[in-house]
Structure formats: C-alpha cells, structure tokens
Amino acid sequence: MNISKKSSKINRYQLTGSQKKSGLNVWRFVFNGTEKVTGQERKFFIELSMLNPGLCPEEAVLGFKARVNISAEDLQNVLAGSVSAQSIQSESYVVPSYVVLRAGALGSEAKQVCAYSAAKDVSVSSKSFCIQGDKFSFDGEKLSGRIDCSPGDIQEHPEYLCDSGSVSWELRYEIRCDFEKGYSGKNYYWAPTGARTVFAGNFTIDGKVYEVVPKKSAGYIDRFFGKNVVFPWVHLSSNVLTSIISGKTLTDSTFAVQGAFENQVSAVVDFEGNAITFEAGKAKVSDGSIWNFSEMPENNGVENLHWSVSLNNKSYVVDIDIFCPASQMYVKSVEIPEGNRNVLKMLCGGTGTGEIRLYKRFGKNLELIEHAKIASALCEYGQLEKPE
C-alpha cells in the first residue's frame, strides 16, 4: 500500500504563521531490530523535533542552558555592599528555539542521545517529505543519521537532557497502513501517518549492530505539531497482534492511541482492513473515550504499569488493556515550547503486552468481532514538570 497523498503532505508539513515562533513540530519513527551476535530483540526510536524554529533561526537556543544575568552595575553594588548577592537573579530563563534529533532504545538498558541544530542549518523541502541536517537525512523512503554524545559532553551540557552514547542508522521503510488524521484541533494535530510500516536496514547503538528486518520490524510512524504538547501525555501503539479467537497472527492489523486532548484520547484501529477512527472532541454525544493510567501492586516481585482505554461510537466499541514492567520503563525529559525550564516528564516503554477487543453495535447489543493479544507495544505516560 502506498502512503496517501494527504498523509504525505502531512509528513512534510511545516509550522506556519505565529507557530513558527511559538510551536512544536515532531516526526517519530519506531521499529524493532535484532542484535547480530546474540539475537536479542530491542525496540528503537528516532525523533526529529523543531521547537519555535522561527524565534531564533541563527543559533540553537536551549532553555535549560545557564545564562548569566549579572550586569556590571549589579557587581559593583555587591562589592560596595549596597545589595546582597542573594538578592540578584544570577540566571535568566529564555524561550528555546532549535531543531533536535533524538534516537535510542527502549526496554532494558534504555537510553536516548540527542543532537541540537539551529533552524537555519536544517533544510526542509516544501514539495516532499525531505529534511536534511549536518548528520542526518529523512525522506519518504529512507532514514540515515548519526549522533555521538560523550560522558564529558553530558557533564558539560546537562541542558541536553539526554544520555551519553553513540547511535547511527541506515534504514529504508515502506508504509503499509496510514491514517490521514487522528486528531485535529485549534492547538494540536496528530496523525499516525505510518501506523503499520515495514523497516529494513540496520541500527547501531554503542557499537552493537542490530539488523532491522521487514517481517519483524513492527514499524510505526506518526506526526505531532501545534502550539505545545498535551498534558497529560498518553500514547499506546502496536501492530504485533495475535487473534485469541482464531489463533492467527493479524498481519494487517494495528492500533494507536494519543492524548489527552481535553481529557479524552484519540485512536485509530485497523483490523485486517476494517479501519476505524475515534477522534477526541469531535464525537457526538453518544461517542467518547475513557482512559486510565495506574501503578499495579507487585506480582511475583514485578511492578507493572497499566494503561486502560475504552472507545465507542455509533458503530463500534474498542477496549484496550496494556501492561509494562516498571523496570522496563525509561524516564524521558522533553523541553516544551513555552520554555521557563518546564518539561514534559515521560515514562516510555517498548515492551508492553495486553489485549484489545473490538465490538460491533447491533442496536443496544454488542457482538465481539475480534479479541487479540498485544505484544511489543509502545506505551507512554507523561506530565508537566516545572522547576523548583
């Protein structure tokens, strides 16, 4: 299946108008790879994010970088004893403006490494999805790039909000199932433009090479842009589904959940060609969504995190339950457009398991159409964190 023309346009979308100076633009790619020597399977991610790119296009301005705010007059007053050093604000907060490339692994020994660029140093095509920087290149068929962060870099630059390490990738991909829209509102837009995508190539992390094979890649792509991120941040997605009813692998099935948009979630579901969209805030009175995130009590020494989602419209009901071991979650910090050292603090996992049920409405009755096991789920939950 070729990606639709509309989804292709969404992938190349750029922030316009006032959002160039006050907005967020994110491309995300997620896939599985297998280590050549050990056969270990891991989930990887690559993200490209533009944060207020029109505000300061000539340089990468990181909001968490300490900036001295003491003038010569302040210093003279302190030396003269007319004011105390404690009464002077020694640092100033700034609004961030940069392009950041993030990549890494989820699950055991999870990490992310980052590379920051000025907006002027990144080339974005207006005719197709094609974005190029000094050490990366993205287009509608392939991805390549490299990021290196030494322990010294992280110690000197804690504002990078990442780990030390080295990652590189050479990948090709083909989108098999896309959704043109998952949510469209005044301030946000989310679209799983590659809800089911096959990747091929390799991903190297800290010297270990992982092969990415189409049949096992379990690939996913989405786009998010708007004035800010949403709080709380909720995401679930997987296309590794096995029918409990028939026992068959559902090779043409996928789902993705994103929110919370005014405390509702949007979702897309495709069971073997039966595509359904539940859009938050756009439903009729009889439609809607209920979601919950919670910590589960320890079972056999394992603490699990639990996501539950229930979606309904006039034709269908979908129930999703996903669990991920707390030990397999990675704590990720993402700076948000408004700056002031506010971040989206997020729990991220790539080894979620659970179940999904699809019901068809017949009047007041529900008929179970599909009941499937979920594996290798991407699962996220995040909240706004302000500086002390």
I'd like to know if the side chain of Lys43 pairs up with that of Ser376 as donor and acceptor (distance under 3.5 Å, no hydrogens or angles considered).
yes
Reference residue Arg196; test salt bridge (charged side-chain N to carboxylate O under 4.0 Å, His left out); the match among Asp222, Asp252, Asp178, Asp270
Asp252
Assert yes or no for the condition that the ring centre distance of Tyr116 to His157 is strictly below 6.0 Å.
no
I'd like to know if the side chain of Ser308 pairs up with that of His306 as donor and acceptor (distance under 3.5 Å, no hydrogens or angles considered).
no
Indicate yes or no for a side-chain donor-acceptor contact from Ser97 to the backbone of Val61 under 3.5 Å, with no hydrogens or angles considered.
no
With a 4.5 Å cut-off on side-chain heavy atoms, are Phe129 and Trp27 touching?
yes
Does atom NZ of Lys111 have more than 12 heavy-atom neighbours, drawn from other residues, nucleotides or ligands, at distances under 6.0 Å?
yes
Determine whether a donor-acceptor pair (N or O, by modelled atom type, separation under 3.5 Å) exists between the side chain of Thr351 and the backbone of Gly107.
no
Within this structure, what is the CD-CG distance for the pair Glu41 and Asn32, rounded to the nearest 0.5 Å?
4.5 Å
Side-chain ion pair, Arg42 and Glu35, N-O less than 4.0 Å:
no
So, does Glu279 use its side chain to make a donor-acceptor pair with the main chain of Ser184 at under 3.5 Å?
yes
Side chain to side chain, Phe271 and Leu241, heavy atoms closer than 4.5 Å
yes
So, Arg176 and Glu174, do they make that salt bridge, N to O below 4.0 Å?
yes
Is there a path of hydrophobic side-chain contacts, each under 4.5 Å between heavy atoms of I/L/V/M/F/W/Y residues, joining Phe261 to Val26?
yes
Lys227 NZ/CZ over Tyr188 ring centroid, <6.0 Å and within 45° of normal:
no
Got more than 12 heavy atoms from elsewhere within 6.0 Å of CG, Asp134?
no
Determine whether the side chains of Glu272 and Ser253 contain a donor N or O and an acceptor N or O closer than 3.5 Å.
yes
Phe136 and Phe138 aromatic ring geometry - parallel, tilted or perpendicular at 30°/60° bounds:
tilted
Would you say the side chain of Val99 lies within less than 4.5 Å of the side chain of Ile131, judging by non-hydrogen atoms?
no
Look at the side chain of Asp139 and the backbone N and O of Lys142, then say whether any donor-acceptor pair between them is shorter than 3.5 Å.
yes
Might you confirm whether atom CD of Glu141 has over 12 heavy atoms from other residues, nucleotides or ligands at distances under 6.0 Å?
no
Angle class for the Tyr381/Trp291 ring planes (parallel below 30°, perpendicular above 60°, tilted otherwise)?
tilted
Between Asn52 and Pro96, is there a donor-acceptor pair closer than 3.5 Å when you use the side chain of the first and the backbone of the second?
yes
Ring pair (Phe, Tyr, Trp, His ring centres under 6.0 Å) evaluation trace for Phe224 with His235
CA-CA 12 Å; Phe224 184 95; His235 180 87; over 10 Å; no
Between Ser310 and Asp319, do the side chains contain a donor N or O and an acceptor N or O under 3.5 Å apart?
yes
In Å, rounded to the nearest 0.5 Å, how long is the span from CG of Asp148 to CG of Asp153?
9.0 Å
Nearest heavy-atom approach of Thr254 to Ala195 is OG1-O, 2.9 Å
So, Ser238 side chain and Ala375 main chain: donor-acceptor pair closer than 3.5 Å or not?
yes
Would you say Leu366 has more than 12 foreign heavy atoms packed within less than 6.0 Å of its CG?
yes
Determine the interplanar angle of the Phe203 and Trp169 rings, folded into 0 to 90°, and report it as parallel if under 30°, tilted if 30 to 60°, perpendicular if over 60°.
parallel
Parallel, tilted or perpendicular: ring planes of Phe225 versus Tyr189, cut at 30 and 60 degrees:
parallel
Using atom types as modelled and distance alone, determine if a side-chain donor or acceptor of Ser125 lies under 3.5 Å from a backbone N or O of Cys130.
no
Nearest 0.5 angstrom please: Gln112 CD to Ile205 CD1, how far?
10.5 Å
Contact check, side chains of Cys149 and Asp163, non-hydrogen atoms, under 4.5 Å
no
Pairwise side-chain contact, Arg223 with Asn25, heavy-atom cut-off 4.5 Å (strictly under):
yes
Could you state the interatomic distance from CZ (Phe255) to CZ (Phe179), rounded to the nearest 0.5 Å?
12.0 Å
Mind running side-chain contact (heavy atoms from CB on, under 4.5 Å) on Thr353 and Lys373 for me, showing each step along the way?
CA-CA 8 Å; Thr353 59; Lys373 291 183 179 179; over 6 Å; no
Ile336 side chain near Phe231 side chain, heavy-atom distance below 4.5 Å
yes
Enter the distance from Ser327:OG to Asn304:CG here, rounded to the nearest 0.5 Å.
8.5 Å
Can Tyr183 and Gln258 be said to form a side-chain contact (heavy atoms from CB on, under 4.5 Å), step by step?
CA-CA 8 Å; Tyr183 178 81; Gln258 182 70 51; over 6 Å; no
Donor-acceptor contact below 3.5 Å, side chain Gln40 vs main chain Tyr210
no
Report the residue from Phe199, Phe45, Phe44 that forms a side chain to side chain contact (heavy atoms under 4.5 Å, CB included) with Phe29.
Phe199
Sub-3.5 Å donor-acceptor pair from the side chain of Thr277 to the main-chain atoms of Val268, do we have one?
no
Pair Trp307 and Phe293, ring centroids less than 6.0 Å apart:
yes
Hey, does the side chain of Glu262 reach the backbone of Gly281 with a donor-acceptor pair shorter than 3.5 angstrom?
no
Evaluate side-chain contact (heavy atoms from CB on, under 4.5 Å) for Arg28 paired with Ser49, printing each intermediate quantity in order.
CA-CA 9 Å; Arg28 172 163 63 172; Ser49 178; over 6 Å; no
Salt bridge flag under 4.0 Å for residues Lys208 and Glu109:
no
Value for CG (Asn312) from OH (Tyr359), rounded to nearest 0.5 Å, stands at 12.5 Å
Chi angles and distances behind the side-chain contact (heavy atoms from CB on, under 4.5 Å) call for Leu368, Arg357:
CA-CA 7 Å; Leu368 181 64; Arg357 296 173 175 84; 4.1 Å; yes
